[in-house]
Amino acid sequence: MRAQIVKRAVVAFALAFPGAAIAVAVAAPAAHADGCYTWNRDLYRGLSGNDVRQLQIRVAGWAGRRDIVETDGRYGPKTAAAVKRFQSAYGLRADGIAGSQTYAKLYALQDDDCTPRHFSYPELDDGCGRGGWSGGPLPSATTKENALHTMWKLEALRRDLGDKPLPVTSGYRSTTCNRQVGGASNSQHRYGTAADLGSLESSLCDVARAARDHGFSGIYGPGYPDHDDHVHVDSRRENDDDGIPNTTSWSASDCGIGAG
Ligand SMILES: [Zn+2]
């Protein structure tokens, strides 16, 4: 923010004294040193590329009710709407265009390993204490990437719930771990696409209800068998590796969320 103000002041000076050589010095945009990923252009509808995909990963949690943002690298209407919701959630000008303001917020939110500020790989990795991303149906790198997508959705959910702590009690589970905890045989936890959430600060029903707005196509909570002490969220619609249809599946009858 300070750099922005200084830059503005220098630009004002340069405008007042058009002949001044200092104008040349401010012509180049200030490079942002970010340990994870740096965007080099504004992004908006119609553009495509890996930079769009990187943006989609980070705003997929702002998909809107019962919707998802595909991480396909194409900036379509759903990406624009998600960027708008992200901007609103953080008090930025909500124009659906990803530019310096949006990037500055994303840089502030992401750690050097690309995880969002309030979630980490160790919180999501093998839930039976073994750590790591191996032993599941997918290559470790793919599982870990899925977990990263999950975390960005969780960051959005956490923001929506007032930025209160949202502990993950179980994330990725290797096949062995999943069996050990009695998980469903084809559980989303085995792909890195799921998280079980506890919360001391929000009610579980608040968590389950809010999750509907943040890109989670699988939600199970209070009222669903064995889910009275946590809320399960997952991204089954984006999971093309699990052999089940890419549809929404929600159930938390005690929270007014019907099956379907
Ligand atoms: Zn679960």
Side-chain angles (χ1 to χ4, degrees), residues 60-61 66 68 115-116 118-138 142-158 160-161 165-200 202-255 257-260:
R66 214 185 179 90
I68 60 167
T115 58
H118 300 101
F119 297 89
S120 66
Y121 284 121
E123 201 179 357
L124 271 283
D125 69 4
D126 194 331
C128 292
R130 292 176 194 84
W133 307 95
S134 60
L138 302 177
T142 310
T143 306
K144 190 177 177 186
E145 169 86 9
N146 285 344
L148 180 68
H149 294 206
T150 303
M151 281 188 262
W152 278 98
K153 291 183 180 182
L154 293 176
E155 185 73 26
L157 173 59
R158 188 185 187 281
D160 189 11
L161 290 166
L166 194 58
V168 175
T169 57
S170 184
Y172 166 62
R173 295 178 199 150
S174 63
T175 301
T176 309
C177 172
N178 190 57
R179 203 176 294 131
Q180 199 176 311
V181 301
S185 62
N186 202 23
S187 168
Q188 293 294 313
H189 287 280
R190 298 174 62 228
Y191 300 88
T193 51
D196 289 345
L197 306 169
S199 182
L200 296 173
S202 313
S203 79
L204 290 178
C205 280
D206 284 346
V207 174
R209 287 192 207 102
R212 298 177 294 180
D213 296 328
H214 297 288
F216 294 110
S217 43
I219 303 172
Y220 296 98
Y224 186 80
D226 300 324
H227 285 69
D228 286 340
D229 62 351
H230 70 281
V231 175
H232 165 105
V233 293
D234 70 53
S235 300
R236 60 188 59 208
R237 259 177 84 182
E238 287 113 301
N239 188 348
D240 294 327
D241 298 301
D242 56 3
I244 61 166
N246 289 341
T247 54
T248 297
S249 180
W250 293 348
S251 185
S253 56
D254 290 358
C255 310
I257 300 173

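When a residue number appears, it is its place in the shown sequence, counting from 1. Whatever order the structure lists them in is the order used to number ligands and atoms, beginning at 1.
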Subject >> Flag, side chain of Y224 to backbone of H232, donor-acceptor distance under 3.5 Å >> reply: no
**OP:** Verify the distance test for H232 against the Zn ion (ligand 1): any N/O/S atom under 2.8 Å, yes or no.
**Re:** yes
**OP:** State whether H227 contributes an N/O/S atom found under 2.8 Å from the Zn ion (ligand 1).
**Re:** no
Original post:
Is D196 close enough that one of its N/O/S atoms sits under 2.8 Å from the Zn ion (ligand 1)?
Top reply: yes
**OP:** Measure the spacing between OG1 of T115 and CG of L154 and express it to the nearest 0.5 Å.
**Re:** 11.5 Å
Original post:
Please walk me through it: do D228 and D254 pass side chain to side chain contact (heavy atoms under 4.5 Å, CB included)?
Top reply: CA-CA 9 Å; D228 286 340; D254 290 358; 4.2 Å; yes
**OP:** Using a strict cut-off of less than 4.0 Å between a Lys/Arg side-chain nitrogen and an Asp/Glu carboxylate oxygen, indicate whether D160 and R212 qualify as a salt bridge.
**Re:** no
